K.L.:
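My questions will all concern the structure given below.
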Amino acid sequence: MPASSRSSSSGDKRASRAARSWPPRFLTPVPAADVRRGDGKDVADFIETLCTVTKDTFAGPSGSPLVLRPWQHQLLGHLFARRKDGRRRHRVALIGEPRKNGKSGLGAGLGLDGLFEGTGAEVYSCAGDKEQARIVFGDARRMVEASPDLSAAIKVYRDALEVVETGSVYRVLSAEAFTKEGLSPTRVIFDELHVQPNPDLWNVMALAAGARLDPLLIGITTAGVKSDSTGRDSICYQLFQYGQRIASGEETDPSFFMAWWGAPDEADHRAPETWRAANPAFGDLIDPEDFEAAVRRTPEAEFRTKRLNQWVNAAAAWLPAGAWDACRGEATAVPDGAEVCLGFDGSFNGDSTALVVVSCGDVPHVDVVEAWERPQGSGHDWTVPILDVEAAIRAACRRWQVREIVCDPYRWGRTYQVLEDEGLPVVEFPQSPARMIPATTRFYEAVMNRSLTHSGDPRLARHLSNCVIRTDSRGSRLSKDSKGSPRKIDLAVAAVMALERACASPAPPAPEPQFFTWADL
């Protein structure tokens with residue numbers, strides 16, 4: 001293809017993407033005259049002149065100039081609009097985009113631009129925790145280090161950037177809001193606002209900016225769950241709902257701006273046209289092949305929040321209807337003598353107690369060894385028969401070659417000690433988010449990809465169907481549908497733990513001691 005034709009084709013594609021990417025799904029109204037009077041073009045020029053890509057991505061190599069897309073130019077024009085009297089139109093802004101649409105780079109550019117907004121400017125990167133806040137700040141610091149012009153003007157510290165000539169500073173803050181009194185911010189970048197555990201930090205920064213002329217608080221985020229740690233609507237969801245009402249004309253507030261990209265709630269999350277509609281940078285900053293892979297291995301609720309920017313309830317159904325049945329294999333049991341991992345999830349009363357076996361191999365097979373549940377009509381004094389449970393674990397170890405007995409140490413410490421003393425391979429698996437989130441993802445992927453089989457035990461099917469997925473700032477994991485629910489999920493939890501360990505590489509054997517004689521030497 002001739003160079004001129006390639007250039008024309010590339011331009012047509014960019015124009016087509018720009019047309020799809022603006023306006024976003026929800027946009028609060030901004031008069032065109034205010035956009036023209038505003039600082040959006042100056043901010044865009046600053047970013048494109050001085051800021052760089054900070055890591056190798058689908059969008060380009062590290063160190064290359066940060067080139068804003070047409071929809072980002074439009075966004076900055078609306079965000080930095082000015083009224084007829086010359087004052088900035090907006091004081092608070094919420095920008096919602098799915099993951100990987102360039103939020104961090106844009107946020108870093110906005111933070112650096114704010115450093116040069118007068119004498120004594122105070123810019124802050126905020127997030128639910130300090131490590132999250134450092135993501136945007138870290139990008140900003142790398143941009144400074146990569147630019148001779150910025151490096152000449154800005155002194156770099158671990159958690160701060162300072163323009164010595166004007167006394168302006170850019171710092172990192174986390175969610176411990178009670179330590180932030182006395183600040184006077186001019187610009188605040190809240191990264192992933194949806195993970196704020198409560199509204200305290202947002203409220204502190206909003207009030208602290210009261211003495212500044214034209215301060216700007218910007219939340220740049222994906223969607224998440226609707227409730228925060230207090231059980232109330234999260235600050236991000238509150239602002240989203242407020243922005244919706246302004247965008248629809250139900251309320252009027254010129255000081256508040258929202259641009260929110262995302263898919264309609266009823267959209268098919270597996271359809272490429274849905275991915276394209278929700279992501280302004282789809283096919284540009286984002287590799288479409290990544291979506292094709294992610295939709296197969298990510299629970300639906302998490303895919304909708306992170307990739308389609310849709311709000312979800314804290315609890316959503318885990319496995320899609322029919323997915324578990326489709327994994328049923330021809331085998332009715334794990335063969336005797338096979339190498340396996342046992343998953344054990346136990347309780348003394350109330351909940352059931354579960355023992356599951358998963359074979360180790362390329363295609364693991366999942367089956368129920370035994371389940372102990374309160375019999376129908378039994379009284380409240382029923383308890384799990386501990387000695388029967390211990391006997392069943394011993395019998396399983398005689399039947400199969402057991403690599404690990406995987407169990408949560410909670411409440412069953414005596415039994416685990418007894419079994420360990422007998423030489424059985426007990427391995428503790430605390431059901432913490434750090435352990436259960438990746439294990440839940442692995443099990444989900446295996447079911448969706450049909451890379452495991454099972455024997456069709458109705459008890460395991462019932463426990464799996466009782467599971468919901470709860471999504472919060474740390475990720476997605478299994479839960480009952482509500483606290484105190486009588487529905488049992490113990491077999492499902494045991495299966496998730498056992499599959500996680502069965503798929504892990506076995507520990508290398510301990511080296512055998514070697515003995516030599518002088519004759520050998």
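Small disclaimer: the values here were computed from a predicted structure and weren't measured.
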K.L.:
Taking 4.0 angstrom as the limit, do Arg414 and Glu390 come out as a salt bridge?
P.N.:
yes
K.L.:
Can you list the residues that meet the salt bridge (charged side-chain N to carboxylate O under 4.0 Å, His left out) rule with Glu422, with sequence neighbours excluded?
P.N.:
Arg394
K.L.:
Output yes when a side-chain donor or acceptor of Tyr237 lies under 3.5 Å from a complementary backbone atom of Ala223, and no otherwise.
P.N.:
no
K.L.:
Only counting residues at least two apart or in another chain, list the ones meeting salt bridge (charged side-chain N to carboxylate O under 4.0 Å, His left out) with Arg328.
P.N.:
none
K.L.:
With a 4.5 Å heavy-atom cut-off, do Met448 and Glu300 have their side chains touching?
P.N.:
no
K.L.:
Which residues satisfy the salt bridge (charged side-chain N to carboxylate O under 4.0 Å, His left out) test with Asp159, sequence neighbours excluded?
P.N.:
Lys130, Arg134
K.L.:
Under the rule for salt bridge (charged side-chain N to carboxylate O under 4.0 Å, His left out), what residues qualify as partners of Asp191, not counting sequence neighbours?
P.N.:
none
K.L.:
Drop me the distance from Asn309's CG to Thr221's OG1, to the nearest 0.5 angstrom.
P.N.:
7.5 Å
K.L.:
Has Ser64 got a side-chain atom pairing as donor or acceptor with Val53's backbone, closer than 3.5 angstrom?
P.N.:
no
K.L.:
For the CG atom of Leu478 and the CE atom of Met436, what is their distance to the nearest 0.5 Å?
P.N.:
5.5 Å
K.L.:
How are the rings of Trp311 and Trp260 set to each other: parallel, tilted or perpendicular (split at 30° and 60°)?
P.N.:
parallel
K.L.:
Going from CG on Leu419 to CD1 on Ile393, what distance comes out if it is rounded to the nearest 0.5 angstrom?
P.N.:
5.0 Å
K.L.:
So which pairs with a foot in residues 96-108 pass side chain to side chain donor-acceptor pair (under 3.5 Å), sequence neighbours left out?
P.N.:
Asn101-Asn279
K.L.:
Closest approach of Val136 and Ser125, non-hydrogen atoms and distance?
P.N.:
CG1-OG, 3.8 Å
K.L.:
Counting only heavy atoms not in Glu273 (residues, nucleotides, ligands), do more than 12 fall under 6.0 Å from its CD?
P.N.:
yes
K.L.:
Could you give all pairs that pass the salt bridge (charged side-chain N to carboxylate O under 4.0 Å, His left out) test and reach residues 357-372, with sequence neighbours left out?
P.N.:
Glu370-Arg459
K.L.:
Judged by atom type as modelled, is there a donor-acceptor pair below 3.5 Å linking the side chain of Trp400 to the main-chain atoms of Pro335?
P.N.:
yes
K.L.:
If you look at every heavy atom in Val356 and Ala494, which pair is closest and at what distance?
P.N.:
CG2-CB, 3.8 Å
K.L.:
Do the side chain of His269 and the main chain of Arg307 share a donor and acceptor less than 3.5 angstrom apart?
P.N.:
no
K.L.:
Test your reading of the model: is there a side-chain donor-acceptor pair from Arg296 to the backbone of Glu292, 3.5 Å cut-off?
P.N.:
yes
K.L.:
May I ask you to test the Arg442-Cys503 pair for a side-chain heavy-atom distance under 4.5 Å?
P.N.:
yes
K.L.:
For Phe282 together with Trp261, are the ring centres under 6.0 Å from each other?
P.N.:
no
K.L.:
Taking all heavy atoms of Ser359 and all of Val340, pick out the closest pair and write down the distance.
P.N.:
CA-CG1, 4.0 Å
K.L.:
Atom CZ of residue position Arg245 - does it have more than 12 heavy atoms of other residues, nucleotides or ligands inside 6.0 Å?
P.N.:
yes
K.L.:
Can you label the angle between the Tyr170 ring and the Phe137 ring as parallel, tilted or perpendicular, going by 30° and 60°?
P.N.:
perpendicular
